[in-house]
2 protein chains.
Amino acid sequence: MSTTHQDEREFLSHYNIHDYDVPLTSVDLVIFTVREEVLQVLLVRRGEHPFKEMWSLPGGFIDIHRDQDLEATALRKLREKTGVVTPYLEQLQGFGNKTRDPRGWSSTFAYFALIPSEHIELAHGANTEAAQWFRVEENSVQPELAFDHAQILAIAILRLRNKVEYTSLPVHLLPEQFTLSELQGIHEVVLGRTVDKSAFRKRIKEGNFVEEIPDAWRYGSNRPAKLYRRANQPTVYFNRAMGGRVEEKD
Amino acid sequence: MSTTHQDEREFLSHYNIHDYDVPLTSVDLVIFTVREEVLQVLLVRRGEHPFKEMWSLPGGFIDIHRDQDLEATALRKLREKTGVVTPYLEQLQGFGNKTRDPRGWSSTFAYFALIPSEHIELAHGANTEAAQWFRVEENSVQPELAFDHAQILAIAILRLRNKVEYTSLPVHLLPEQFTLSELQGIHEVVLGRTVDKSAFRKRIKEGNFVEEIPDAWRYGSNRPAKLYRRANQPTVYFNRAMGGRVEEKD
DNA sequence: GCCCTTAGTATTTTACTGCAACTAACTTAG
DNA sequence: CTAAGTTAGTTGCAGTAAAATACTAAGGGC
């Protein structure tokens with residue numbers, strides 16, 4: 001046993017990653033928010049080769065000296081671009097093949113973040129490396145994207161729609177305080193269809209993932225609405241979609 | 001534009017990954033089957049450092065010269081260990097941090113495979129690198145595992161149970177021909193509870209992911225059962241669990 | 001003070017699950 | 001040859017939950 005341990009120390013002292021042909025490994029982010037009543041995604045204009053000057057998902061290489069783990073890399077990139085430090089963040093999926101990056105065999109861990117639209121300070125970066133919100137149209141975005149980022153985005157949109165349908169996750173797209181109608185609106189914007197009010201409110205009551213803010217109301221030119229905030233709960237999963245119809249054009 | 005392209009060529013001709021500190025990147029596999037009426041997972045005994053002689057998930061480094069993409073790496077490893085060439089295979093999740101591998105910052109793409117238990121030729125490899133099936137007990141397996149493989153396995157088991165509950169995926173754990181009772185048995189073994197027969201058969205009918213084999217029956221000492229095979233359909237998702245009770249001990 | 005609008009609740013109607021009983025088709029024992 | 005035992009597969013019913021819709025509540029504007 002002790003021999004094995006000594007063997008291992010011996011082995012490690014001679015190990016050098018630069019002796020091997022390894023792939024590039026990066027982390028990319030799909031950052032969603034709802035602005036102007038519409039789902040939007042954050043893109044950055046690339047300041048360097050390859051794909052210089054094309055729009056792409058924010059991301060970059062793992063800094064093996066500064067980053068403890070993959071999530072730390074993702075959070076660092078998110079913070080650099082948006083200033084947001086406590087987003088909803090989950091891993092989307094890995095992508096890796098010979099051809100996605102002209103520099104060589106490349107793999108990436110794609111992450112998926114939700115942030116409220118308010119108080120976001122986008123990174124400018126002198127002309128290049130600028131960040132900007134783009135509207136999500138159906139399954140994609142208007143500009144052509146670098147690498148295989150269009151594919152990653154499409155998968156992220158699917159995943160988002162699915163999670164909005166089946167989990168309590170949409171609360172992360174709203175600011176601190178919100179009304180139930182606003183939360184329902186988020187559902188409708190992301191899913192692209194109306195949602196039944198009583199089914200929606202029943203889910204809210206049963207899920208316990210939001211709580212009333214005592215004595216807080218949003219006033220308008222009609223009956224005031226109760227204000228809610230996120231409860232300190234992990235994501236809740238529901239096993240059914242909610243009722244609703246696809247909106248008809250009129 | 002042409003200038004940008006020339007710039008990019010210039011840039012690429014000088015790019016050398018060995019100039020950078022990069023993480024290790026590997027692919028690991030969680031291979032499930034149902035044998036002896038019980039869920040089992042394939043492990044290999046490590047023949048080399050680090051963690052020499054410990055049990056671990058099968059896997060290894062991406063061979064950037066032979067592997068087209070991540071899935072190709074996963075399929076190659078699966079084939080080397082089991083001989084199986086057409087498994088059900090999906091990506092589980094990525095794992096990566098500073099500490100999981102003593103050789104340095106390491107990331108892995110974990111895959112999740114289902115294979116039928118029949119006709120599997122396990123790799124022997126002279127004493128070391130031997131592959132063996134282990135019973136899944138609750139959320140883990142009896143031997144201690146190398147790296148963070150116990151964590152990866154636990155997540156894979158959760159994912160499997162969830163998918164068995166909500167998708168048509170269990171068909172991939174059975175051989176070419178099977179009866180509906182056998183398929184129901186797979187559900188019960190993986191989920192650890194009984195499943196209602198009529199709810200189960202209703203799901204089968206609606207899902208269209210299996211088809212009757214004409215004139216084929218399994219005979220026993222009682223009424224013969226119709227034989228079925230997988231239909232050529234992608235995985236079907238259901239939005240409800242099926243009825244059933246947790247088995248009571250007697 | 002009435003109307004309009006949005007918030008929020010109650011009721012009815014409809015569909016489907018969960019459960020259990022039932023029939024079907026074979027083998028084996030006597 | 002028949003009865004018993006076992007597993008395959010279907011049917012029917014009752015309780016429950018979801019979808020649809022009608023309703024009440026509470027403000028502001030005029």
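In what follows, chains are A, B, ... by sequence order, proteins preceding strands, each numbered from 1.
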Starting at the 5' end of DNA chain C and moving along, which residue's nearest nucleotide shows up first, S198(A) or P224(A)? P224(A)
[X] [atom1] - [N] [atom2] separation (whole Å):
| X | N | atom1 | atom2 | answer |
| --- | --- | --- | --- | --- |
| Y228(B) | dG9(D) | OH | P | 6 Å |
| D196(B) | dG9(D) | CG | P | 15 Å |
| Y219(B) | dA25(C) | OH | C1' | 11 Å |
| L183(B) | dA8(D) | CG | P | 13 Å |
| M242(A) | dA18(D) | CE | C1' | 13 Å |
| R223(B) | dC22(C) | CZ | P | 17 Å |
| F238(B) | dC16(C) | CZ | P | 15 Å |
| K205(A) | dG8(C) | NZ | C1' | 8 Å |

Phosphate oxygens OP1/OP2 of [N]: is one of them under 4.0 Å from a side-chain N or O of [X]?
| X | N | value |
| --- | --- | --- |
| S221(B) | dT6(D) | no |
| K197(B) | dG18(C) | no |
| K202(B) | dG18(C) | no |

Check whether the ring centres of F32(B) and F112(B) lie less than 6.0 Å apart, and answer yes or no. yes
For F95(A) together with F109(A), are the ring centres under 6.0 Å from each other? no
Measure from the side chain of R201(B), starting at C-beta and using heavy atoms only, and say which of dA24(C), dT10(D), dA7(C) lies closest. dT10(D)
Minimum-distance nucleotide (side-chain atoms of N222(A) versus dG28(D), dG27(D), dT27(C)): dG27(D)
Please say whether more than 12 non-hydrogen atoms of neighbouring residues, nucleotides or ligands are located less than 6.0 Å from CD in E211(B). yes
Inspect the surroundings of CD in E37(A) and state if more than 12 heavy atoms from other residues, nucleotides or ligands are less than 6.0 Å away. no
Tell me whether R203(B) forms a cation-pi arrangement with F238(B), defined as NZ or CZ under 6.0 Å from the six-membered ring centre and within 45 degrees of its axis. yes
